[in-house]
Every structure is written in C-alpha cells, then in structure tokens.
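Below is one structure; the comments refer to it alone.
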Amino acid sequence: VFGHLEKPFFLELCRFMETITLRAGSFLFKAGDPDDSIYVVQQGLLEVYINDSDGTEYLVKQVATGASIHSLLSILDVLTGHPGTFRSVSARAKTDSTILRLPAHAFNSMFEKFNESAVKVVQIIMIRLQRVTFSALHNYLGLSKELLKPDGNGNTKELNIHRISLSGIGSPNKV
C-alpha cells in the first residue's frame, strides 16, 4: 500500500507509527482485540493463528522480518467509521520481536492534508481485494473459465484485469 504513496504523505504517516517490543510467546493481538492497525515485523518472527470455538489454535502463517499483518477490509472499516475486532485470529511472537504499528485512524488525519491520496489508497485496497478474490476462486475452487461471461454466441470472452493508473488520470494498464 505504501509504495504507491507520495513521499510527503508517507513521511508524515511515519509520525503515527509506534514501536512494540514482544518477548517470545507474547501476543500482539488476540480474538476480541480491536482490528484497527497495520503491523510490520521490523525484527523477529510472529505466528498467526485461527482460534476455534473450543479454544483450539490452527497455525495460518508465519510473518517474518519485513512482512506485515493487516486486513484490507478492516482498514476500510476504520476509514468509514466502523471499526471492528479480531473475531477468530490471534498473533503471537515465536521469537523476541520488534513490531511497527500504524493505526488505521492515522490515514483519516492524513487525508485531510492530502486529499488526493485517499483515492489512491482505496484504489490500491480494491485492486488487491479483487486479485485475492480471483486467486482464491481459481486456486481453491478451481474456477477459471466459469468466471468469464459468455458473449451472445456462447463463446467466453477473455478476462482482462486492469491495473488502475495511480499517477493521476491515465489509461489503465493490463496486468
């Protein structure tokens, strides 16, 4: 998300970042905690779990140095004034870790100063959600040509997913 933002916007956004130090075995967040931030592992290793109703934990993924934990939909929820909580996900430090936390509400403050960046952030989020949706439909359900709308003759049309130009007004580029 950050790579497409203007440098002044990004530098100003950095003022909102907080550093969290976790000892191995400590939780970054648990089910029921507010889901309102982007977390970047600066150093260490986190494990993300799904928690079953009976308390069983299922490891979903490990998040290493340089990777992030965030929900794009949760960021949109915060931006639209409807923040939520982690329903069934928790993250715990596998090793001693240093985490950078960027509260999603920081974007609201930033959009007042940099109006044009709000559109870019929402575009980036929507494009990524579209890609995740198509990848999941293809990889997990085996759908591909079923996602295409046939023309009037029963022939399927080529699926063209476009990348929206983030440099202002311009023609979209095929991915």
Side-chain angles (χ1 to χ4, degrees), residues 1-136 140 163-164 166:
V1 172
F2 302 123
H4 299 286
L5 300 175
E6 296 89 6
K7 187 174 183 177
F9 180 92
F10 179 75
L11 293 174
E12 185 74 18
L13 198 60
C14 288
R15 294 180 340 117
F16 291 92
M17 286 196 181
E18 304 167 4
T19 301
I20 300 170
T21 303
L22 293 175
R23 307 290 285 157
S26 299
F27 282 91
L28 177 61
F29 56 81
K30 297 180 183 179
D33 288 349
D35 183 6
D36 62 356
S37 299
I38 297 171
Y39 300 98
V40 178
V41 179
Q42 187 176 27
Q43 179 182 348
L45 181 66
L46 298 179
E47 293 183 327
V48 178
Y49 295 91
I50 292 178
N51 307 303
D52 206 350
S53 59
D54 66 1
T56 306
E57 292 182 330
Y58 300 96
L59 179 64
V60 176
K61 70 176 185 173
Q62 292 187 328
V63 184
T65 300
S68 64
I69 302 173
H70 61 277
S71 165
L72 296 174
L73 290 175
S74 296
I75 293 169
L76 286 177
D77 287 345
V78 171
L79 293 177
T80 59
H82 301 92
T85 60
F86 290 103
R87 290 182 179 80
S88 61
V89 178
S90 60
R92 185 171 49 229
K94 175 81 172 171
T95 63
D96 290 351
S97 301
T98 304
I99 311 301
L100 297 176
R101 175 182 177 263
L102 177 62
H105 71 77
F107 285 97
N108 285 333
S109 301
M110 296 301 300
F111 293 154
E112 292 173 10
K113 292 181 182 179
F114 300 91
N115 296 345
E116 67 284 350
S117 295
V119 174
K120 289 182 182 182
V121 169
V122 172
Q123 286 176 334
I124 293 165
I125 290 171
M126 297 311 294
I127 289 168
R128 290 190 179 180
L129 288 172
Q130 180 186 38
R131 288 182 183 161
V132 166
T133 300
F134 280 117
S135 292
Y140 298 108
R163 181 179 308 135
I164 296 173
L166 299 176

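Side chains included, hydrogens not; waters and symmetry mates left out as well; all remaining heavy atoms used.
Within the structure, salt bridge (Lys or Arg N to Asp or Glu O under 4.0 Å) contacts touching residues 20-29 (residues at least two apart or in different chains) are Arg23-Asp96. Legend: salt bridge (Lys or Arg N to Asp or Glu O under 4.0 Å) pairs involving residues 28-41, not counting sequence neighbours, sorted by first then second residue: Asp36-Arg101. Among residues at least two apart or in separate chains, salt bridge (Lys or Arg N to Asp or Glu O under 4.0 Å) pairs with a member in residues 54-64 are Glu57-Arg92.
Of the possible polar contacts, none joining the Thr65 side chain to the Val41 backbone as a donor-acceptor pair under 3.5 Å is found. In this structure a side-chain-to-backbone donor-acceptor pair under 3.5 Å is present from Thr95 to Leu45.
Contact detail for Leu13 and Ala106: the closest heavy-atom pair is CD1-CB, 4.0 Å. Considering all non-hydrogen atoms of both residues, Ser90 and Ala31 come closest at CB-N, 4.3 Å. In this structure, Pro103 and Ser37 approach most closely via the heavy-atom pair CA-OG, 3.7 Å. Closest approach of Thr85 to Gly32, counting heavy atoms only: CG2-O, 3.5 Å.
Atom CD1 in Ile69 sits 5.0 Å away from atom CZ in Phe29 (nearest 0.5 Å). Of the inter-residue distances, the one linking Leu46 atom CG with Ser97 atom OG reads 5.0 Å to the nearest 0.5 angstrom.
Here the options are Val48, Val63, Ile99, the test is side chain to side chain contact (heavy atoms under 4.5 Å, CB included), and the partner is Leu28; only Ile99 passes.
Looking at heavy atoms from C-beta onward, Leu100 lies in side-chain contact with Thr19 at the 4.5 angstrom threshold.
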